[in-house]
Each structure stands twice: as structure tokens, then as C-alpha cells.
Number of protein chains: 2
Amino acid sequence: MLDPTDIRILDELSKNSRITMKELGEKVHLTGQATSARVAKLEDSGIIEGYTIKINQIKLGYVVHAMISIFTKSTHHEPYLSFIKTQEPYVINNYKIGGDSCYLLECKFPSNEVLDAFLVRLNKYVNYKLSIIISK
Amino acid sequence: MLDPTDIRILDELSKNSRITMKELGEKVHLTGQATSARVAKLEDSGIIEGYTIKINQIKLGYVVHAMISIFTKSTHHEPYLSFIKTQEPYVINNYKIGGDSCYLLECKFPSNEVLDAFLVRLNKYVNYKLSIIISK
DNA sequence: TCAACTCCTTTCATTAATCAAGTAAAAACG
DNA sequence: CGTTTTTACTTGATTAATGAAAGGAGTTGA
């Protein structure tokens, strides 16, 4: 399915997805055309899901990064799920998990005040346990 | 610092970082050259940290996605930290957190057997609480 | 008012991406 | 075992994007 050249391509694209096909080809000892064809295959197969950027959230003003364990009060999760859909920019990921809690909610906030206000709203739907990310 | 056009550029690049500057320029009503200059500024300021790809880990064989809360046994975290450095492909992120546990370790595994073996090794350094991610 | 600066456009030379053909090796098949 | 098909690549020609330079409009501040 994937040969070492494909792995190498994925690795290089992870490091810099805006690299030219010509340059990427030089790294894997192929022409730009052959490299481009391999990348197209990786896209078609769904292994490459998309191309994106890493954004420095702190420089954008999001200085608080939190992981919130969610404990739903009832068996109806819909109110919670539709609530967090309305909470974009703050919500990064909502993982459904097996273990202690029901969900693990990854969020970012510009300040503790905004986090506090978010938690007040959140608490109408679920109970939670807050963890603040100090570093990565 | 950032005007609406910059926000739009970040948004479009998040969705597709391989878009051409010309095409991106059309979306924000600028020429390719002007767009390119803005993107270069966003890079220089550190707001854009890099260009990367989203990889489908399941198609790469990593079917188990786990969040592991880490409770260090002693105040010396170095043995744990150097251990996880040796555990690449499995470790995705290691967050230092404030809250109940010391770290939150995000990992991926090809099978429960590999996860199990990892936990046995991990337990030499720390105690843990395992959560399996069911969906996102 | 004028100089300096920012931000953009236009133009043009360079470079990369794309498309079409052609080739060689491996795989599939009678 | 030979033939056909497929796969993966290269080369070459065309099209498109990029990068550099020059210039114009609007803004800031002495």
C-alpha cells in the first residue's frame, strides 16, 4: 500500500505542505511530475485529508488553553452538542471518549474571564472538570 | 495588527494551505503579489507557524486513539519525559496541565495489544488513567 | 508642504505545474 | 511461456504562478 517513498512524502509534507512538487521530488529522488502523481494518489486514497496551517493561537490573543472533561447530567447529549456548536472560536475539539467522562473538550480563550463566562454557560448543560494546559 | 483580510487569509489557508497565491488573492480581492506579501508578513510575525497536512491515521493503521492522564509517582519528571521521547510514532502530544493530573498524553496505536505493551512500559515511570477516543 | 512609509497594482522575467507521449518493468492471463 | 495489460516513471511542450522592480495613492508626522 505505502512504500518508503510515500512515507517520506507524507513526512516532508507534514513539515512543509507548501513545498513545490519539484523540490519534494528532489528529496525523494523523483521528478516533479512523478511526485505530483504520488501525492494525487495519497489524496484520492484519503490518506492525505487536507492541507492546513499551524497558527500561533497566543499571538492571536488566545492565551488560555483548556481541556475540559465533560460529564453529561442526562442521557440526552444533544443539548450539550448543539451548545458547543455555537461556541466557535473557543472550541477546538470535542472528543467522545470511553473512560471516566463522556467527552473531552479542548478549548481556547482570550482570558480567564471569558473562560469563566463559558463555564457558566456550559454548566447549564453538563458537569465538568477543568484542566488548564500549561505547556506542550 | 490583523485586519479582516488577514483573518480571511488565515481562514482560507487553514482550509487549504496549498492554494495558489493568485487564487487566494481572488478570494480576498487582492492580486497574487499583494496576497503573497501579506502571507509573508504573517509568517514573519510568527502567526503562521508552518504549513502541514492532515493525515488519516486510521488509514495508516493507527486505529486506537487514546488520551492518558499521567500522575507522576515522584517529583522527578525527567524519566517519564525522556521515556515518551523514545515512543515516537505513538505519542502525538504531551500536555503539561494544571488540574488533577500532571500531564495529558495523546497517543495513537495500531492495536490494543500495542497499547497494552505501551502501558506496561509507561507504568514503570508513572501512574495513569486511560481514556479511549471513540469519535471526534 | 514635503518626506517617508505603507500598501497596493502593473509589468516582465523566471520558475514551477500541468498535460501529453513514450518507455521500461512488473503483473495478469491464456 | 509468451502476450497483453497495468503501473510507475521520464521527457518535452505548454500553461500558469511566482518574484522582483517600478510606480501610484493614501497616511503619518516634522
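Lettering of chains follows the sequences in order, A, B, ..., and the numbering in each one begins at 1. What you see below is based on every heavy atom in this structure, not just the backbone, and it leaves out hydrogens, waters and symmetry mates.
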Ring centres under 6.0 angstrom apart (Y80(A), Y103(A)): yes
Is the gap between the ring centers of F109(A) and Y62(A) under 6.0 Å? no
Within this structure, what is the [atom1]-to-[atom2] distance between [X] and [N], rounded to whole angstrom?
X: M21(A); N: dC19(C); atom1: CE; atom2: C1'; result: 16 Å
X: E23(B); N: dT18(D); atom1: CD; atom2: C1'; result: 14 Å
X: M1(B); N: dC7(C); atom1: CE; atom2: P; result: 11 Å

Could you please name the option among dT18(D), dT18(C), dG19(D) that lies closest to any side-chain atom of R18(A)? dT18(D)
Does E12(A) come within less than 4.0 Å of R8(A), counting only side-chain N to carboxylate O? yes
Establish, with yes or no, whether the OP1 or OP2 oxygen of dG19(D) is under 4.0 angstrom from a side-chain nitrogen or oxygen of S36(B). yes
Run the numbers on N94(A) and K136(B) for side-chain hydrogen bond (donor to acceptor under 3.5 Å, both in side chains), then give the verdict. CA-CA 6 Å; N94(A) 182 50; K136(B) 219 186 112 162; over 6 Å; no
Contact pattern, 5' to 3', of nucleotides 5-16 of chain D - B, S or - by protein heavy atom under 4.0 Å: ---SSBBB----
Could you tell me whether a side-chain N or O of S17(B) sits under 3.5 Å from a main-chain N or O of S14(B), the two making a donor and an acceptor? no
What pairs of donor and acceptor atoms, side-chain ones from residues 119-130 of chain B against any protein atom, are under 3.5 angstrom apart with sequence neighbours left out?
from, atom 1, to, atom 2, distance (Å)
R121(B), NE, A117(B), O, 3.4
R121(B), NH1, Q87(B), OE1, 2.5
K129(B), NZ, D100(A), OD2, 3.2

